[in-house]
Amino acid sequence: MPLGLFGNKFSPKKTPPRRAQSLSNLHLDATESKAEFGLDYGAVKVSLGGNEVAFENGLWINESAGGGASHKELLKLRKANQSLHEENNLLKLKIDILLDMLAETSAVSHFHENEVKQLREAKQASKKR
């Protein structure tokens, strides 16, 4: 089979073998490798125009008081606000229950008053006979 002008396209040249890499990093334990290769870099913080933000859990969080409350303060306020809303709802429920109990007690009281009134009228009617 004759070779064309440029040779066989489907037989690429072999790549030269790689040089052996240093195996010195294989004997390090986890803490040494973190110290050696800088895997423990901490939180990323940026300060722009007096505002400091940090990258935590995939979100940029405002940590400075410039321009309003910090993110942590906002979280505390939202948590307190939620707690107060829940307490308010509980108190409203208790008021509704107390009003229902008052209405029931009033109805029973009026029923007994009417029963006593009817018994008195029946007693007076029997005396007149």
Side-chain angles (χ1 to χ4, degrees):
M1 182 185 305
L3 291 176
L5 275 174
F6 302 107
N8 191 352
K9 293 182 183 180
F10 299 106
S11 60
K13 292 182 180 179
K14 292 186 178 182
T15 57
R18 297 183 181 176
R19 289 188 234 155
Q21 294 181 353
S22 170
L23 301 177
S24 64
N25 60 357
L26 295 178
H27 63 75
L28 298 177
D29 65 351
T31 57
E32 289 176 345
S33 66
K34 280 186 181 180
E36 179 74 22
F37 299 111
L39 298 176
D40 189 21
Y41 51 82
V44 177
K45 293 186 179 183
V46 177
S47 179
L48 297 172
N51 291 327
E52 187 172 314
V53 293
F55 191 73
E56 295 177 6
N57 299 328
L59 297 172
W60 287 101
I61 299 171
N62 187 10
E63 289 190 341
S64 65
S70 72
H71 181 72
K72 292 177 183 176
E73 291 172 357
L74 287 175
L75 288 177
K76 286 180 186 177
L77 290 173
R78 285 182 183 151
K79 192 172 185 178
N81 191 16
Q82 180 67 26
S83 174
L84 290 173
H85 277 292
E86 290 173 2
E87 183 180 359
N88 192 18
N89 289 338
L90 178 65
L91 292 173
K92 285 180 181 178
L93 180 65
K94 286 182 178 183
I95 287 173
D96 286 342
I97 290 171
L98 287 173
L99 286 174
D100 288 345
M101 290 171 64
L102 178 64
E104 182 182 354
T105 305
S106 295
V108 169
S109 175
H110 287 300
F111 175 76
H112 288 299
E113 285 177 5
N114 288 338
E115 191 175 7
V116 168
K117 185 178 178 183
Q118 288 175 358
L119 289 173
R120 284 184 183 157
E121 288 175 358
K123 184 178 178 183
Q124 287 177 358
S126 67
K127 280 185 182 181
K128 289 183 180 178
R129 287 188 194 167

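This chain uses plain numbering: 1 for the first residue, then up along the sequence. All values below come from the heavy atoms of this structure, side chains included, with hydrogens, waters and symmetry mates left out.
- When atom types are taken as modelled, the side chain of Thr105 and the backbone of Met101 share a donor-acceptor pair closer than 3.5 angstrom.
- Heavy atoms of other residues, nucleotides or ligands lying less than 6.0 angstrom from CD of Glu104 number 12 at most.
- For the pairing with Glu115, the side-chain contact (heavy atoms from CB on, under 4.5 Å) check across His112, Glu113, Lys117 returns one residue only, His112.
- Side-chain contact of His85 with Asn81: a donor-acceptor pair under 3.5 Å is present, judged by distance alone.
- Once rounded to the nearest 0.5 Å, the distance linking CG of Asn114 with CG of Leu119 reads 11.0 Å.
- Separation of atoms CD (Glu86) and CG (Leu90) is listed at 9.5 Å; rounding is to 0.5 Å.
- Atoms CG and CG, on Leu93 and Leu98 in that order, are 9.5 Å from each other to the nearest 0.5 Å.
- The salt bridge (charged side-chain N to carboxylate O under 4.0 Å, His left out) check on Lys72 picks up nothing, with sequence neighbours excluded.
- The OG atom of Ser83 sits 11.0 Å away from the CG atom of Asn88 when rounded to the nearest 0.5 Å.
- Linking ILVMFWY residues whenever their side-chain heavy atoms come closer than 4.5 Å, directly or via other members, places Leu48 and Trp60 in the same cluster.
- In this structure, Ser106 contributes its side chain and Leu102 its backbone to a donor-acceptor pair below 3.5 Å.
- Residue Phe55 is tested with Val46, Ile61, Val44 for a side-chain contact (heavy atoms from CB on, under 4.5 Å); the sole match is Val44.
- Leu75 and Leu77 fall into different hydrophobic clusters, where Ile, Leu, Val, Met, Phe, Trp and Tyr side chains are chained together by heavy-atom contacts under 4.5 Å.
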